[in-house]
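Worksheet for the structure shown next.
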Amino acid sequence: RKEVEQDPGPFNVPEGATVAFNCTYSNSASQSFFWYRQDCRKEPKLLMSVYSSGNEDGRFTAQLNRASQYISLLIRDSKLSDSATYLCVPYPHTGGFKTIFGAGTRPFVKA
Amino acid sequence: SAVISQKPSRDICQRGTSLTIQCQVDSQVTMMFWYRQQPGQSLTLIATANQGSEATYESGFVIDKFPISRPNLTFSTLTVSNMSPEDSSIYLCSVDKPENTEAFFGQGTRLTVV
């Protein structure tokens, strides 16, 4: 099993819809969880951090399920500008204190 | 936050040659990281660069192919040696801020080997 697994999609999302996608992780020692956003031809940037059960920031909600070892990202009222790659990072990694990314999930929001 | 200046932003190189990528950080950091992102793929960690010691390479990456320098706490270089078309990729440097483990990235180097 990969340490971080994401369904890469792409997912076609109608504008205004709510979309959620999951990231599963295998290292039960991971304490912090991050969602990064990467726009086309740009570097990744931090979207949200999750240290306990969840976090909410505007239209974005991240939830952590430690028992099942997954984190989810929910986007409400999807905008065209939400089309990007969303990368999941559980931290630390089994190999130490380094940032290892999942494969990324690519929602494509269409009008 | 951390501001990272990475250069060159892009280059087209002949096979068999080498390219050195530079990253300058606006503050002192203990560890710097180098990633490769191939077309349509996620980021893959190449190595961790520590000041004063040899870099630590991930599985599948070796020092002869990707030598790294880390002369001080604000600067690092990655060299892609003896390039082949398979090395065409985006290379990114990154640092973590220990207080919250957020990763910050340079703007990336888009390398094309012909």
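Quick note on labels: first sequence line is chain A, next is B, and so on, each numbered from 1. Heavy atoms only: backbone and side chains are in, while hydrogens, waters and symmetry mates are out.
- The cluster map of Ile, Leu, Val, Met, Phe, Trp and Tyr, joined by side-chain heavy atoms under 4.5 Å apart, puts A:Phe101 and B:Met31 in the same cluster.
- With a 4.5 angstrom heavy-atom cutoff, B:Gln41 touches chain A only via backbone atoms.
- Taking a 6.0 Å sphere around NZ of A:Lys45, one finds it holds 12 or fewer heavy atoms contributed by other residues, nucleotides or ligands.
- With a 4.5 angstrom heavy-atom cutoff, A:Gln6 does not touch chain B via any of its atoms.
- More than 12 heavy atoms of other residues, nucleotides or ligands sit less than 6.0 Å from atom CZ of A:Arg59.
- A:Phe33 and A:Tyr70 are members of different hydrophobic clusters when ILVMFWY side chains are connected at heavy-atom separations under 4.5 Å.
- Note that CD of B:Glu102 is 12.0 Å distant from OH of A:Tyr91, once rounded to the nearest 0.5 Å.
- Closest approach of B:Ser42 to A:Gly102, counting heavy atoms only: OG-O, 2.6 Å.
- Distance check: A:Arg41 CZ to B:Arg110 CZ gives 4.0 Å after rounding to the nearest 0.5 Å.
- Side-chain atoms of A:Gln38 and B:Leu43, non-hydrogen and from C-beta on, do get closer than 4.5 Å to each other.
- Environment of CD in B:Glu54: sparse, with no more than 12 heavy atoms of neighbouring residues, nucleotides or ligands closer than 6.0 Å.
- Among the candidates A:Val89, A:Ile100, A:Thr99, the residue making the largest number of heavy-atom pairs closer than 4.5 Å to chain B is A:Thr99.
- Within a 6.0 Å radius of CD in B:Gln107, more than 12 heavy atoms belonging to other residues, nucleotides or ligands are found.
- Residues A:Pro44 and B:Phe105 approach most closely at O-CD1, 3.4 Å, considering heavy atoms.
- How far CD of A:Glu43 is from CD1 of B:Ile4: 9.0 Å, rounded to the nearest 0.5 Å.
- Counting heavy-atom neighbours within 6.0 Å of B:Ile12 CD1, excluding the residue itself, gives a total of 12 or less.
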